[in-house]
Amino acid sequence: METIKQAQVINWLEKTAHVIGENKDYLTKLDSDIGDADHGFNMERGFNKVLEKINELAASEDLQAVLKNTGMTLLSSIGGASGPLYGSFFLQAALPLEGKTELTVEDLANSFGKGVDGIKARGRASKGEKTMIDTLEPAIDALLLSVKNKDSIETALSNMLAAAEEGMKFTIDMIATKGRASYLGDRSIGHQDPGATSSFLILKTLKESIIQPNS
Amino acid sequence: METIKQAQVINWLEKTAHVIGENKDYLTKLDSDIGDADHGFNMERGFNKVLEKINELAASEDLQAVLKNTGMTLLSSIGGASGPLYGSFFLQAALPLEGKTELTVEDLANSFGKGVDGIKARGRASKGEKTMIDTLEPAIDALLLSVKNKDSIETALSNMLAAAEEGMKFTIDMIATKGRASYLGDRSIGHQDPGATSSFLILKTLKESIIQPNS
Amino acid sequence: MKKLINKIPDVITEQMQGMLAAHPEIEISLEPKYIKRASATRKGKVAIISGGGSGHEPMHGGFVGTGMLDAACPGEVFTSPTPDQMYECAKATQNEGGVLFLVKNYTGDIMNFEMAAEMLNAEGIQTQNIIIDDDVAVKDSLYTAGRRGVGTTVILEKIVGAAAEAGYDLNKCADLARKVNSRGRSMGMALTSCIVPAAGKPNFDIDEDEIEIGVGIHGEPGRKRISHTTADEITQMLTTAILEDKDYSRILREWSFSNNGWEEKELTSDAFKSGDQMIALVNGMGSTPISELYTVYRKLHEICSAKKITLARNLVGSYITALDMQGCSVTLVRADDEILKFWDAPVLTPGLRWGV
Amino acid sequence: MKKLINKIPDVITEQMQGMLAAHPEIEISLEPKYIKRASATRKGKVAIISGGGSGHEPMHGGFVGTGMLDAACPGEVFTSPTPDQMYECAKATQNEGGVLFLVKNYTGDIMNFEMAAEMLNAEGIQTQNIIIDDDVAVKDSLYTAGRRGVGTTVILEKIVGAAAEAGYDLNKCADLARKVNSRGRSMGMALTSCIVPAAGKPNFDIDEDEIEIGVGIHGEPGRKRISHTTADEITQMLTTAILEDKDYSRILREWSFSNNGWEEKELTSDAFKSGDQMIALVNGMGSTPISELYTVYRKLHEICSAKKITLARNLVGSYITALDMQGCSVTLVRADDEILKFWDAPVLTPGLRWGV
Ligand SMILES: Nc1ncnc2c1ncn2[C@@H]1O[C@H](COP(=O)(O)OP(=O)(O)O)[C@@H](O)[C@H]1O
Ligand SMILES: Nc1ncnc2c1ncn2[C@@H]1O[C@H](COP(=O)(O)OP(=O)(O)O)[C@@H](O)[C@H]1O
Ligand SMILES: [Mg+2]
Ligand SMILES: [Mg+2]
Ligand SMILES: [Mg+2]
Ligand SMILES: [Mg+2]
């Protein structure tokens, strides 16, 4: 397999909606420990909207349009901190994809790289502040390495997810300095960041949409 | 012993304040079952005021003045339903006592008789409506009988108290048709009326102030 | 019990002192307790005075001011004030136009206000008592102390206060008060119990999944205890009880200036009907967020619209409360031009303000 | 969870519909959600718009009306509204005088309002964002998202709303808003937790004998958890934290019309001192009886008097709430003539009304 096809991207978005739904209470529980106990509800509301539009999304071959529409949908339905952040992620991730109907590993790395830049610009945060960036940035670094190593898509996605998971887990020991959790100071230590966790779930679903288990 | 002396009346009022204080929670509990859980607080507030004034009361030989002052004090400190009722009781009970410095059984019967009339006029209630009247009216009837039988003060007070206690206990099986408890309808059955109970305590203290136990 | 209070005997005094500090337009007396306007009123104006047990704030003290009450007498929590309070308050407030006591129908309030009226009339200060008894949860007036005075009190105090300000004399104020009372109906419900500070524990026990329909403003038991349900169903129950309440007659006592004593008067409330226009109050019981009250108002408005009953004016908020009880009540007062005119008149009190 | 609500996804919509039914002077849009004045404003008037997560009622929707906000955008409960809401709301509301967004300092609100401002400015609708960050419970702005926006918001919306009504242009409104924010300090406390409808259980656990000092309006943890104590001690703690708060500087972002992009501005709040005159807000968190708030106001007044700080104006009541939380907050805004003039100007909104 050389590229990720449009149908796989659609499949990823559709599956993500289900995975977020299944993990709604888990994400909310994480947010109740160090935030305001709504991250699961917020993410579910947003991805349910994406699900409602899935046929409209699927109708477009142009992946730039698909990601842009996804970003706009999340932006206008999630709210809170994660709404503009995930909104910006997809809107910015769409930018390098003009005219693309399938994605190489390099396309993916470029796209997601722009996406994370969008999050960092919007949220004025960087790695190590106990946010979704701590999952996403290592994931993109892994993708970039795969581009350099000319890894297969399978290998690239596996490495990406391993890096994402490690990044997510690193948030447990961090002190939050951005978002609501920052009010807790030291007391935020010992809890995994909800946004880092939802980011991990999104990437995990990507990998699983492309690489069928036992295939 | 032929008459009740001024000092005994003062002693009665003083002791009543203590007895009401000791029974505050009990009276409030009874009122919480069928009323608004304040009868103990109300009575304590009133009789504490009487206690504060006890030297002033004791300074007057004139029992009319003593009862009138007691009535005014209760009237201006109890509030609720029981305030005007006990206020009226003492104010009216004072009326027949012009110039008296001690009381025969007949004086007491006349005085308390007027007092209960005052309660009935003010509260527009009669016996059998599950109120303090159910304690007081039988007690006065007993006093009147003692007047007829020329009973000693001891006998008169003992009979009075027995009748009061019986009357109080009869309220358990009654349906309330006056005061707050009336909103309960049938559900007021099975509970002893708080006002009937405070009236009983007042009369019991009277008897015990006059007849020393084991004397 | 978690409350923002200090020592229990000081609760009422300190709340009054707080009101005084916040509202220089009122004055307080602590011995005996009352709240009155700081500025004197026009000579000949009827003094409109209310009062009752504390715990229902902002009622009544919060309704003292231009266009509403001249004074209010707060009792202990849930306990009627005493006659000397009303007596002293009336003497300090009246300005040769007589005194109108607005009294909620509770045995204690009735008796204490009657004694005060007797004392004042005996001194030549013309004093009338008008009773408010609007709680349809109490159906039977023959075997009970009658309907309790609840939400209509707020609306009545506003309207009669405005009329007195406009120059109505004592008799006309009393007539208007009687009329508003005869046109008011209310019903309340509780999600939780209230806690009286001195008691320190809930007035009644209620399960996490139960609510009390028809509750009084002291946590008196209501018509029924049911499972917790939606705001719409609750509003339907309260509104139906009010709209389907039949013509209602009862005997109320008023002072007769000719006989110099009390006389009994029959007062009939006509059932509400399609075509009526109302002043509506959706009231919180003390611990109910206003957002939830709007949910109730939405349904009340829908039910009334369907029955061609107009909600010409409304008030949504916590105006007659039961300490920290969660729950709400609905009040409808059938309006006419006189009532609407005085409702719309300016009012400036700590608890209600418009037009000024 | 006992609330007067229907289905959880409908909670906000139905509260908005209830407000609409009760207040014909407002208009609502449901897709996307916003509340605006029913009548058009003067051409050239700055549109003052606020918004934020729901659950703080009457703020912000209850402050829409003459003399205060032009519109408000409610998000889901405790969740910032989305940029399309502010964008559509601003387009429907603005009348060629530009748009001023009043934004409480929460990461979500900041980002969503920034995106909306970018969209509007890109279309040539001049839009400025002013941030409110007054919660002294958050000490450190270097290692946190900064101080939260709480009680000062209510006072600021009133003052800037009046200024816009009086003809201030966008820059002058922004200057005034920045000034009021720099002069406002707040601190809150909770007796109980709130319950978010969708969660169905308390946001945090707190024992029957504990209270949280320094809590936020979403139940965010405060400075400390202590044993329940008297209203006086609680008021002392809140007031001391406010009065002893030092000069406070932070960097806030505003739109630069010359650079057509965001620029960072330092804003310093001077510590309060003896001789200052204040607008004071003693605010209930949603389920606090007003009587208890007066007990708090009493002590606040006493403490300030002793320090020769004048409470020139006040507001006592539940204006910026946290659903059904029990507790209170104290806000002081250092006033000057301009601030007092606009505070006293007439206002007619569902939640705040005087002078009209
Ligand atoms: N400035 C920021 N930059 C990046 N991510 C952030 C920032 N602030 C918050 N987040 C992320 O947002 C998550 C919280 O999202 P959510 O609960 O939906 O919003 P809110 O905090 O408004 O309730 C956090 O767990 C964190 O990962
Ligand atoms: N109309 C009445 N006539 C006589 N006694 C009455 C009447 N109404 C109430 N009571 C008495 O008052 C008692 C309640 O007093 P209390 O609890 O102090 O006042 P409240 O009912 O105002 O709280 C009742 O138990 C009853 O005995
Ligand atoms: Mg959150
Ligand atoms: Mg009682
Ligand atoms: Mg009582
Ligand atoms: Mg949130």
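Convention: sequence-line order gives letters A, B, ...; per-chain numbering from 1.
- Note that OG1 of D:Thr79 and CD1 of A:Ile78 are 10.5 Å apart. Values are rounded to the nearest 0.5 Å.
- Looking at A:Ala176, only its backbone comes within 4.5 Å of chain D, counting heavy atoms on both sides.
- Here the straight-line distance linking atom CG of D:Asp135 with atom OH of A:Tyr183 works out to 8.0 Å at 0.5 Å rounding.
- Heavy-atom distances place the side chain of D:Glu118, and not its backbone, under 4.5 Å from chain A.
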Discussion item. Checking D:Met115 against A:Leu75 for the side-chain contact (heavy atoms from CB on, under 4.5 Å) test, could you report, in this order, the C-alpha distance in whole Å, the side-chain angles of both residues, the deciding distance, and whether it holds?
Written reply: CA-CA 10 Å; D:Met115 293 186 87; A:Leu75 187 63; 3.4 Å; yes
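- Summarising the local packing, CD of A:Glu14 is surrounded by more than 12 heavy atoms from other residues, nucleotides or ligands at distances under 6.0 Å.
- No donor-acceptor pair closer than 3.5 Å links the side chain of D:Asn203 to the backbone N or O of A:Ser32.
- Contact count against chain A (heavy-atom pairs under 4.5 Å) is highest for D:Met111 among D:His218, D:Met111, D:Lys139.
- Environment of NZ in A:Lys49: sparse, with no more than 12 heavy atoms of neighbouring residues, nucleotides or ligands closer than 6.0 Å.
- Only the backbone of D:Asn105 comes within less than 4.5 Å of a heavy atom in chain A; its side chain stays farther off.
- The distance from atom CG of A:Asn42 to atom OG1 of D:Thr82, rounded to the nearest 0.5 Å, is 11.0 Å.
- Using a 4.5 Å cut-off between heavy atoms, D:Glu114 touches chain A through backbone and side chain atoms alike.
- Annotation: maximal heavy-atom pairing with chain D below 4.5 Å, among A:Gly79, A:Ser76, A:Ser88, A:Ser77, occurs at A:Ser76.
- Ranked by heavy-atom pairs under 4.5 Å with chain A, the list D:Pro9, D:Gly53, D:Pro83 is led by D:Pro83.
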